[in-house]
Amino acid sequence: MSLLIAIINGVMVGGLYGLFGLGLALAFGIMRVVNIAHGEFIVLGAYLGAALLSVMPLNIFVVVCLVAIIAFGVGWLLQFSLLNRLIGPNPVPAMIATMGLSIIIRNALVSVFGTDIRAIDLGSLQDAGITLFGVSIGILPLIIFAIAIVLFLAVGALMTRTTIGRAFRAAADDFEILETLGFDRRKVYASAMGLAIMLAAVAGLLLAVRSSFSPYSGVERLLISFEVVIIGGLGSLRGSLIAGIFLGVVQVVGLKLNPNSGPLFSHLAFLLILLVRHFDVTFLFARKKI
Amino acid sequence: MTLLTLEKVDVFYRDLQATFGVDLSVGQGEAVAIIGANGAGKSTLLRAIIGLTPVRNGRVVLDGRDITGLRCDKIARAGVALVPEGRRLFGSLTVEENLLMGAARARPGPWTLAAVYELFPAMREVRYSLAGNLSGGQQQMVSISRALLTNPRLLLCDELSLGLAPTIINDIYTCFTRIRETGVSLILVEQDTVKARDVSDRLYCLLKGQVTLEGASSEIRMDAIKAAYFGETAA
Amino acid sequence: MMPNRHARAALLGDYLPGVAICGALLAGLIWLPSDNRLPMEILLVFAMAQGWNLLSGYAGLLSFGHQVFIGIGAYSLFMSMNAFGLPLPLALGVAGLVTMATAAVMALFLHRMRDAYFSIGIWVMADCVRLLIGQWDWVGSSRGVMLESSKLDLTHFADMVFWLAIGLAVVVQFGVFILLRSRFGLGLMATRDNDVAAASVGIGASRSKVTALILSALICGLGGAVYYLSILYADPSGAFDLSWQIKILFIVIIGGVGTLEGPILGTALYFVLQQAFQDNGEMFLLLQGLTAIVVMVFAPQGIWGVIAQRTGLQIFPTRRRPPGPSLAARRPKPTTEDKAQAARAPAKG
C-alpha cells in the first residue's frame, strides 16, 4: 500500500518534472539554446514564491500568477538582451553564458537567503486529504498535478491555435523565412524564452510546496529537466509529460527504498534508457517539431 | 513609376563578393526577370533586397524610401515578399498553418486565405497535411501563396521552376497572370532563359555578379542572351 | 641532408619558445615566497584545465562532468593504498588506470552524443557516480576517506607532492602539445571542425573522440589523485564537486578554448583573482559567472584567442606552418576559378 502511495506521489511530482523538461525543450527546440541556468530559474521560482508569501498572505493561485508574470519578463529580457547575441550554429557560447548565469543566480541566492534548506508551508491546505479506494491522497498534490496538466494543455493550445505559438514552431523550422514574413525574430525568441522560464519557475514553485529546496537544488533540477527532454523527445508535449511522470515515479519509489539516494535512481533509469535504445541524436534532431 | 531601385549594390556571400555594383530597377506592376548561370549572384541579390544578406555598398530604395540596411522583417512589412529557392516551407506546420504565418503580419490588400485557395484550388484538399509531406509542385503553390498573403508590393521569386515537371511549371506560371492583375511588381530569378523571357516585361542578365545585359524582354534576341549569359564576346 | 637539417631547425623553433616560457613560469613558482601549497594547487589545477581543454577545446566535446575524473582519481589512489597496501608510485598508476577505465565505460553511453547532449550526459553520469560513492560503505560513504599515512615518508611529503605536481603539469603541457602535432591531433581537430568531411577522408570521428575523452580523464584523474594526496582526505561532496568543473571551465574559457597557451593565462588570472577575493568567496564566484558571460559576448575565443588573432603569435604551434610562402599567397588565383566556371556554364544553360 505504501508503494502505491509512493507511485501516486511520484506521478504528481512527475507532472512538474514534465513541465521542467518542456521549458528546456522549448528553448532548445526553438532557438537551439541549452539553458544551463534552467535549474536555477526553477529554484528562483520557489524563492520568489516563498518571498511573496512571506511578505503578504496571498492565495496560492495569486502567487502562481505573479511568479508566472515575473518569470516571463525575466526570460524575455534574458533572451532579448543577452542570448540573442549568442545564438548561432555553435551552441557553446550560449551554454557557457548560461552556465555563468547559473553561477550568478546560485550565489546571489546564497547571499540573500543563506544556504538553509527550505520548504513552502501552506498551512491547513498542506494537510487536507481525501481517501479514494482506501488510499489517502493529499488535496494539495492533486491541485498541483491538476495545474501541471492544465499548463500542458495550455501550451499545446498555444502552439497550435495562436499566431505566436505557430511562430515558435515555424522559427524552429526556418527562422529566415519567418523573418521574410514580417516577424521580428528577436522578439519571437524572447517570447519563447519567456514561456520557457515561466514554465520552469511555476513548476519550481509548485514543487517547493511538495519538497524542500536550497540555492544548490538547481543542478539536480537541471539534470532532471534534461533527462525528461532526452527520454520524452524534443518535439512532443505528451512525451515530456510521460517522461516526467516516469522519472518522478522512479525517484519517489527510489527514495522510499533508500532515503539517501536523492536523484540517483532517476539518473540510473535515464542511463538505462540511453543504453537500451542505443541513443542516437539524429533521431531527436529529425523531429524537432514542438 | 519605379517601385524598386538598386544603386551600385555590392553584396558578399560570406567572404566572397557576389555582386559588383549592380544597378537595377523595377517599375510599378512590372515583371522583371533576372537570368544567369549558377553562382552569378542572382539569389544573393534577392536575399539582399529583402534584407537577409547585408548590402555592403550601394543603396536599395523602395518607393522613394531608402531601405538599405533595414532589418528583414521591416523590409517585409514595407511590402517585399520572397518565394525562396527550394520552397522552404515550415515542414512541421500544416499547409494552412504555413499560409496563416504569411497572413499574420500582412499588409492590407487583396490576398486572403480564400483568395489563395481560389488561385490554387488543389491546395484546399491538402490544407491539413503537413507541408513537409507535399509534392514539389504543391509545395511551390503553398510557398507562393504564403508570400502573397503578406500582400506585397514587390514579390521576389527565386527559381520557381527548380526541380518541377514542365507541365507543373506551366501551371504555376499561368497563375502569374492572375497575380499580376492585382498590380504587384515581380522579380523572377530563373535559369530557364526562355521561360524567363516569355513571362517578363524586362530582363537583366547577371554574369559573375555584374549586369551584362538589360532590356525589354520582347526585344532581346536569344543570341544576345546567350552571349551575356556565358560571357562570350559576340563572335 | 638539407631538408633534414631544416626540419630539425624548424622543430627546435617550434619547441623553444614553449620550453623557455614554461621554464620561466616554473622557476617563478618554485621561488615564489610562500610555502609550496599554493604553487602546487596552481600547477594541478592548470594540468586539469589543460586536460579538459584537450577534450572540450580540441575534440569539440564540451564537458560539464570532469569532476567525476578528479574524484575517481583521488578515491582510487586512496583505496589502493588503504585497502591493498600499494606503494605510492603503483597507487598513482592504479589511479590513472581506474580513471581511464571509468572514462571508457562512460564512452559506451556517450560516444553517440554530440553538443549539448554530450555536455549534460556526462554531467548526469558524474552526478550518478558522486551519489553512488556517497552510498558506498567500503569507500566511507558520505563521511569520506582518510589516507592511511603510515607508509608515507612524511618528512619530505610536501616537497614530494610539489614535485609530482610540477612533473604532471610539464608532462601534460608538452604531452598534449606533441599529441596535437601528431596525426592523431590533426584528425581530432579535423573532426571537431567537420565530422562528415573528416570521416570522408578516413578519420574516425568517434574513435578519436573517445581516445581524447580517455586521455582527458587520465589527466584530471592524476591531478585529482595528487591534489587529494596532498591533503590526505577526500569526501564525495568535495572530490566530486561541481565547483572543480566550474573552476576548470572558467580558466579555459577566459584564457582561450582550444589553445594550449590559454589555460596558462587563465590559470594565472584565476589565482590572482582568487587571492584578491580571498575574504569574499561569493563575490569571487559571482565575478566568475559574470566574466564567463562577458567573455562569451565580446570575445568567445578568450584572451589568448584574441591575442593570437591579432598578432598571429603561437607559443605552442599546433597548426603546422607550410614551408615556403605563407598560406595567403598560396590561395588559388581567381582566374583559375573563373575559367572553371566558364567551362561549366554552357552545360547548365
Side-chain angles (χ1 to χ4, degrees), chain A residues 25-26 28-32 79-80 84-85 87-90 155-192 233-240 282-290, chain B residues 14 43 46-53 70-107 111 128 130-133 139 142-143 145-152 154-158:
Chain A
L26 281 175
F28 192 29
I30 297 169
M31 335 19 131
R32 310 258 85 174
Q79 182 70 35
F80 197 80
N84 275 342
R85 297 161 191 262
I87 46 182
N90 183 359
V155 172
L158 181 88
M159 285 294 172
T160 51
R161 307 258 163 102
T162 68
T163 297
I164 189 69
R166 286 191 288 261
F168 289 160
R169 292 157 57 210
D173 282 349
D174 192 331
F175 61 81
E176 274 193 347
I177 296 306
L178 190 67
E179 285 182 291
T180 71
L181 299 175
F183 285 83
D184 186 345
R185 176 188 172 196
R186 304 168 308 159
K187 289 184 184 158
V188 172
Y189 282 0
S191 302
L234 207 48
S236 144
L237 290 167
R238 201 183 306 149
S240 290
T282 51
F283 158 77
L284 278 178
F285 274 87
R287 26 168 251 169
K288 60 182 175 183
K289 161 174 77 120
I290 294 290
Chain B
R14 303 219 175 102
S43 293
L46 289 195
R47 288 177 58 90
I49 293 172
I50 200 162
L52 283 175
T53 304
L70 229 53
R71 264 204 338 264
C72 174
D73 58 291
K74 294 221 164 136
I75 296 177
R77 299 183 78 168
V80 182
L82 173 70
V83 183
E85 183 179 347
R87 279 86 69 173
R88 289 173 71 173
L89 298 181
F90 303 121
S92 61
L93 273 63
T94 65
V95 167
E96 185 145 306
E97 283 177 326
N98 267 277
L99 299 178
L100 287 170
M101 292 317 294
R105 295 280 186 273
R107 298 148 41 81
W111 292 107
Y128 299 121
L130 284 184
N133 299 344
Q139 287 195 5
V142 179
S143 186
S145 306
R146 184 179 63 184
L148 282 177
L149 278 164
T150 65
N151 282 307
L154 174 66
L155 183 64
L156 313 172
C157 300
D158 199 352

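What you see below is based on every heavy atom in this structure, not just the backbone, and it leaves out hydrogens, waters and symmetry mates.
Counting all heavy atoms, side chain and backbone alike, B:R77 lies closest to A:G182 at CD-O, 3.4 Å. Across every non-hydrogen atom of B:A104 and A:F183, the tightest pair is CB-CZ, 3.5 Å.
Between A:T180 and B:P84, the closest side-chain pair of non-hydrogen atoms is not below 4.5 Å. With contacts defined as side-chain heavy-atom distances shorter than 4.5 Å, the pair B:R105/A:T163 qualifies.
Of the listed residues (A:L181, A:L178, A:T160), the greatest number of heavy-atom pairs within a distance under 4.5 Å of chain B belongs to A:L181. Highest contact tally toward chain A, considering only B:R47, B:E97, B:K74, is held by B:E97 [criterion: heavy-atom pairs under 4.5 Å]. Contact tally against chain A (heavy-atom pairs below 4.5 Å) for B:L52, B:T150, B:L82: the top residue is B:L52.
Here the CZ-CD distance, from B:R71 to A:E179, works out to 8.0 Å after rounding to the nearest 0.5 Å. Separation of atoms CD (A:E176) and SG (B:C72) is listed at 8.0 Å; rounding is to 0.5 Å. To the nearest 0.5 Å, the span separating CE on B:M101 from CG on A:D174 amounts to 11.5 Å.
Of the two parts of A:R161, neither the backbone nor the side chain holds a non-hydrogen atom closer than 4.5 Å to a non-hydrogen atom of chain B. Contact of B:R88 with chain A is made through backbone and side chain together, with heavy-atom distances under 4.5 Å.
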Exercise. Could you walk me through whether A:I177 and B:R146 pass the side-chain contact (heavy atoms from CB on, under 4.5 Å) test, one step at a time?
Key: CA-CA 10 Å; A:I177 296 306; B:R146 184 179 63 184; 3.2 Å; yes

